Amino acid sequence: IPESIGNPTHLKHFDVAWNALSGQLPKSIGNLTYLEYFSINGNALSGQIPESIGNLICLKSFYVGGNALNGTIPETIGNLIYLENFDVGGNALSGQLPASMGNLKSLTKL
């Protein structure tokens with residue numbers, strides 16, 4: 001996914017699930033502050049979930065399962081107060097769920 005993905009700042013829906021994408025999630029993803037739906041399930045993406053994910057304040061659905069993401073879930077995830085669906089299954093994430101996830105009062109699917 002190119003760094004330029006953060007350029008269309010009014011993007012609301014991003015779905016590239018079940019392709020053969022590789023590489024890492026760019027930090028510029030945090031520029032998509034109007035984004036409501038993000039799905040990259042079933043690719044070959046690696047690296048960590050960027051801290052900038054916490055800037056996606058309108059996000060309702062976050063699907064990144066079935067990749068090769070590693071590291072921990074960033075504490076900034078707690079900024080996503082409208083988040084309803086959160087799927088990170090099938091990755092190589094480590095550590096504990098961040099305490100900030102307690103802020104996610106709208107969360108219905110984990």
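None of these values were measured; they are calculated from a predicted model.
One finds the CD1 atom of Ile40 at 8.5 Å from the CG atom of Leu21 (value rounded to the nearest 0.5 Å). Going from atom CD of Glu84 over to atom CD of Glu36 covers 9.5 Å, rounded to the nearest 0.5 Å. Leu59 CG to Ser61 OG: the interatomic distance, rounded to the nearest 0.5 Å, is 7.0 Å. Remark: Glu51 CD to Ile77 CD1 distance equals 10.0 Å, nearest 0.5 Å.
In this structure, the side chains of Phe62 and Leu83 come closer than 4.5 Å at one or more pairs of heavy atoms. Side-chain atoms of Ile29 and Phe38, non-hydrogen and from C-beta on, do get closer than 4.5 Å to each other. Taking the side chain as every heavy atom from C-beta outward, Gln48 and Asn70 approach each other to under 4.5 Å. At a threshold of 4.5 Å between non-hydrogen side-chain atoms, the residues Ile5 and Pro26 count as touching.
Tracing side-chain contacts under 4.5 Å through hydrophobic residues (I, L, V, M, F, W, Y), one reaches Leu97 starting from Leu69; they form part of the same cluster. Residue Ile49 is grouped with residue Leu110 when hydrophobic side chains (ILVMFWY) are merged at heavy-atom distances under 4.5 angstrom, including chains of intermediate members. Ile81 and Ile57 fall into different hydrophobic clusters, where Ile, Leu, Val, Met, Phe, Trp and Tyr residues are linked whenever their side-chain heavy atoms come under 4.5 Å apart, directly or through other members. Taking hydrophobic clusters as Ile, Leu, Val, Met, Phe, Trp and Tyr residues chained together by side-chain heavy-atom distances below 4.5 Å, Leu56 shares a cluster with Val16. Under a hydrophobic clustering in which Ile, Leu, Val, Met, Phe, Trp and Tyr are joined whenever their side-chain heavy atoms come within less than 4.5 Å, directly or via other members, Leu104 and Ile73 fall into the same cluster.
Counted within 6.0 Å of CZ on Phe14, heavy atoms from surrounding residues, nucleotides or ligands total more than 12; the atom is thus considered enclosed.
No side-chain donor-acceptor contact under 3.5 Å links Asn31 to the backbone of Thr33. Formation of a donor-acceptor pair under 3.5 Å by the Ser22 side chain with backbone atoms of Ala44 is not found in this model. Remark: side-chain polar atoms of Thr76 are not paired, donor with acceptor, to backbone N or O of Ile53 under 3.5 angstrom. Counting only distance, with no hydrogens or angles, the side chain of Glu3 and the backbone of Ser28 share a donor-acceptor pair below 3.5 Å. In terms of modelled atom types and a separation under 3.5 Å, the side chain of Asp87 and the main chain of Tyr63 share no donor-acceptor contact.
Here the closest heavy-atom approach between residue Leu107 and residue Met101 is recorded as CD2-CE, 4.3 Å. In terms of heavy atoms, Lys27 sits closest to Ser52 at O-OG, 2.6 Å. Nearest heavy atoms, Tyr34 versus Lys12: O-CG, 3.7 Å.
Screening residues 37-47 for side-chain hydrogen bond (donor to acceptor under 3.5 Å, both in side chains) gives no qualifying pairs among residues at least two apart or on separate chains. Sorted by first and then second residue, the side-chain hydrogen bond (donor to acceptor under 3.5 Å, both in side chains) pairs involving residues 100-110 (not counting sequence neighbours) are Glu75-Ser100.
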